[in-house]
Amino acid sequence: MRFLCLFPASLFAALQLSAASDAGPVFASPDGSVRFHLTTDDAGHLRYSVASDGRIRLAPARAGIVVEGRDLGAEVELGKPVTWPVRETFAWRGNKTLATNHCLAAAVSIRPRSGVAAWTLEVRVFDDGAAFRYRVPGEGPRRVQGEATAWQIPAASTLWLQTDTDDYEGNYHAVRADQVPLEERVQDRTCPTHIGPPLTVVYADGAFGLISEAALFRYSGLTLRPRGDALFTAAFEDDPQGWSHDGEIVSPWRVIVLARDLNGLVNSDVIPALCPPPDPALFPDGMNTAWLRPGKAPCTWMVFGNDGAQWDKQQWFVDVSAATGCEYLLVDAGWRSERWGWLKNGGDVWARAAELVRYGAERGVGIVLWHAYPDGRDDSPGLTTVEAREEFFRECQKAGVKGVKVDFFNSESKAVIEAYEDLARRAAKYQLLINFHGANKPTGEARTWPNEITREGIREQEYVLWDTLPLAHYGALPFTRMVVGHADFLPGYLQERHLKNTTRVFQMASVIVFSSPFLCWPDNPEAYLNSPWLHFVRSVPVVWDETRVLPGSVIGDTVVFARRKGDEWYVAALNCRETPQTLALDLAPLGITGEELTVYRDRGPKVGLDIVSGIRGAEASRKLVETLPPGGGLIAHFGPVGEYAGWR
């Protein structure tokens with residue numbers, strides 16, 4: 001459901017411009033707490049800054065887009081702004097079921113002194129952030145050669161960032177804003193440092209910011225290059241010479257999310273609010289369209305590698321999917337190759353797929369099939385052409401497949417960004433869910449294409465199979481990468497050899513913290529079937545009505561989430577320290593009364609577990625005091641008291 005609200009004239013006038021002078025307009029958010037200042041410097045170059053709660057969050061820095069070799073932000077004059085208020089709600093999926101777009105919108109005509117045609121800077125100012133983008137009119141092909149956009153962050157701030165801009169699978173770590181290295185070693189080479197957004201800022205006063213982009217369509221993906229002294233500039237690594245663009249040029253939004261605390265950061269709707277709504281012809285009920293069904297699945301590749309795709313194993317996989325309460329089975333890499341038996345004895349791969357779909361349907365399990373994006377691999381053909389995409393999706397629909405996982409993009413060039421959208425559009429036409437892997441950052445695309453059920457673009461627990469993730473990385477992700485969209489993090493290992501620096505309770509608490517509308521279990525399904533975690537595995541939700549970040553959470557150190565589904569609350573805590581810590585959780589603000597409480601806590605070595613259930617009453621629900629070991633976790637589940645039928 002979407003609502004557009006036009007404010008009363010008196011309120012509209014108050015919001016329109018909070019200040020205007022020869023120095024340029026200042027646009028204020030609906031409650032006045034966030035201000036976006038647009039001006040020009042002495043040379044006439046466009047500049048902007050952002051403040052919240054009376055403090056500078058982005059100091060004055062340049063803005064501009066480079067088209068046909070000309071920086072359109074240089075030597076300009078500002079036209080009179082046009083402003084209007086926006087207020088709407090829209091269905092969402094993940095942290096909450098309903099998101100809000102509430103902001104002041106502005107359009108400013110930018111007139112180059114050189115006589116080049118005027119263009120428009122569009123601005124949105126929210127109570128929890130600000131964004132701008134470039135709109136350049138024109139017809140025919142032109143060459144975009146990057147941007148003059150820069151970000152001047154207060155020097156004393158701490159940044160949480162990662163520098164893998166190939167597939168966004170770097171470890172998040174902390175560094176002071178004015179001490180970000182200008183170069184780094186990459187595969188024995190010294191290269192300029194590039195930061196893959198989102199970048200989270202912890203300001204000196206304890207407030208938070210997050211820098212990223214939104215609505216990345218028909219454009220090259222943004223990375224940030226440090227220039228020293230806490231200055232960062234726009235870079236487009238996968239199109240270093242620029243890219244051709246036909247017709248009007250509309251850039252993605254350059255976004256900063258602003259929050260007074262981590263709860264506000266995690267619950268921000270700014271990035272999806274900046275994206276177009278879904279096409280009602282493809283999604284008649286938007287995010288709630290019937291075939292967009294979230295769920296859980298085992299993944300045939302995790303633990304087993306490509307051998308998991310062996311044809312002879314697939315019915316077993318369906319059976320264990322059903323036994324663990326999974327709605328889907330993800331048949332990962334290998335199924336399209338002769339090496340794994342789908343073509344054995346003259347078999348047809350699509351006839352086999354249809355056979356597996358029928359077997360799964362009888363057991364309530366839908367089938368999701370993996371496919372490579374690039375050409376030239378030995379485990380599947382590619383999807384680089386429209387013809388290949390149409391054939392694959394058509395055959396999937398014909399066989400009854402519910403979704404696809406497309407892998408190994410490893411780029412965010414304009415051509416690949418256009419491929420993402422084309423794949424999402426064509427998959428929607430055939431009513432297929434889609435999961436992007438080897439992917440870039442999310443920028444709110446799931447609002448426009450709600451059949452995107454999850455994506456990678458994160459250093460996730462696949463790495464645990466051969467490496468160890470730093471505890472600080474676990475502690476940073478909920479407040480960095482996870483803020484901008486869903487992630488296929490693969491939480492929930494149980495076997496001791498996969499726990500590394502974590503405990504079983506930490507792993508299962510991660511299922512709640514790193515929730516995804518399409519949740520893939522990483523371990524051997526037998527590990528879940530033969531553990532005291534089976535009820536949790538079967539029943540834990542993957543989408544939520546409400547999410548709160550509780551006091552005690554510290555980025556990179558401690559994560560405490562409370563998530564609600566219907567009348568049930570799940571509280572999950574992660575100790576991301578190398579030492580034990582005691583958490584005293586005040587749960588009174590959740591308003592839980594008369595619920596049955598089940599607590600999962602660490603005991604003894606990494607695999608040790610205590611499950612305490614049956615504590616009832618409001619008083620017992622208000623406080624939890626637990627000591628978590630290094631890399632340990634805690635889960636508290638509040639649910640209705642069970643009542644079961646009997647003969648009397």
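It should be emphasised that the depicted structure is a prediction, and the values quoted were computed from it without experimental measurement.
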So which heavy atom on [X] is nearest to which on [Y], and how close?
| X | Y | answer |
| --- | --- | --- |
| A235 | H194 | CB-CD2, 3.6 Å |
| S33 | S29 | N-OG, 3.3 Å |
| Y203 | G209 | CE1-N, 3.6 Å |
| R62 | Y48 | O-CE2, 3.7 Å |
| V257 | V270 | CG2-CB, 4.2 Å |
| P525 | P298 | CG-CB, 4.1 Å |

Does the ring centre of [Y] sit less than 6.0 Å away from the ring centre of [X]?
| X | Y | answer |
| --- | --- | --- |
| F506 | Y474 | yes |
| W466 | Y463 | yes |
| W521 | Y493 | no |
| W449 | Y420 | no |
| F409 | Y373 | yes |
| W533 | Y528 | no |

Would you say [X] and [Y] make side-chain contact, with heavy atoms under 4.5 Å?
| X | Y | answer |
| --- | --- | --- |
| E462 | W301 | yes |
| F132 | V255 | no |
| D261 | V549 | no |
| V180 | L159 | yes |
| D71 | E147 | no |
| V607 | Q495 | no |
| L609 | V505 | yes |
| L210 | L265 | yes |

Tell me whether [X] is salt-bridged to [Y], with the criterion being a basic N under 4.0 Å from an acidic carboxylate O.
| X | Y | result |
| --- | --- | --- |
| R504 | D523 | no |
| R603 | D610 | yes |
| R218 | E421 | no |
| E213 | K441 | yes |
| R447 | E445 | no |
| D557 | R577 | yes |
| D332 | K405 | yes |
| R55 | D53 | no |

Point-to-point distance, once rounded to the nearest 0.5 Å, from [atom1] of [X] to [atom2] of [Y]:
| X | Y | atom1 | atom2 | result |
| --- | --- | --- | --- | --- |
| Y168 | T163 | OH | OG1 | 11.0 Å |
| T443 | I417 | OG1 | CD1 | 7.5 Å |
| R601 | I635 | CZ | CD1 | 12.0 Å |

### Message
Would R481 and F514 count as a cation-pi pair here, with the cationic atom under 6.0 angstrom from the ring centre and within 45° of the axis?
### Response
no

Test your reading of the model: is there a side-chain donor-acceptor pair from [X] to the backbone of [Y], 3.5 Å cut-off?
| X | Y | result |
| --- | --- | --- |
| R176 | Q179 | no |
| R548 | P589 | yes |
| N440 | G221 | no |
| K414 | F217 | no |

Short side-chain donor-acceptor distance under 3.5 Å, [Y] and [X]:
| X | Y | answer |
| --- | --- | --- |
| D602 | T503 | yes |
| R563 | N95 | yes |
| S516 | T454 | yes |
| R225 | T233 | no |
| E183 | T190 | no |

### Task
Quick one: do V123 and R133 satisfy side chain to side chain contact (heavy atoms under 4.5 Å, CB included)? Show the steps, please.
CA-CA 7 Å; V123 179; R133 71 177 177 184; over 6 Å; no

### Query
Got a sec: does the CG of D229 have more than 12 other heavy atoms crowding it under 6.0 Å?
no

### Query
Under 6.0 Å from the CD atom of E184, do we count more than 12 heavy atoms belonging to anything else shown?
yes

### Message
Against P491, only a single residue in S515, C520, S510 fulfils side-chain contact (heavy atoms from CB on, under 4.5 Å); can you say which?
### Response
S510

### Task
List the steps and the verdict of side chain to side chain contact (heavy atoms under 4.5 Å, CB included) for L58 and I153.
CA-CA 5 Å; L58 290 175; I153 300 171; 4.0 Å; yes

#### Entry: Residues that R93 engages under side chain to side chain donor-acceptor pair (under 3.5 Å), provided they are two or more places apart
none

#### Entry: Reference residue R459; test salt bridge (charged side-chain N to carboxylate O under 4.0 Å, His left out); the match among D166, D164, D467
D467

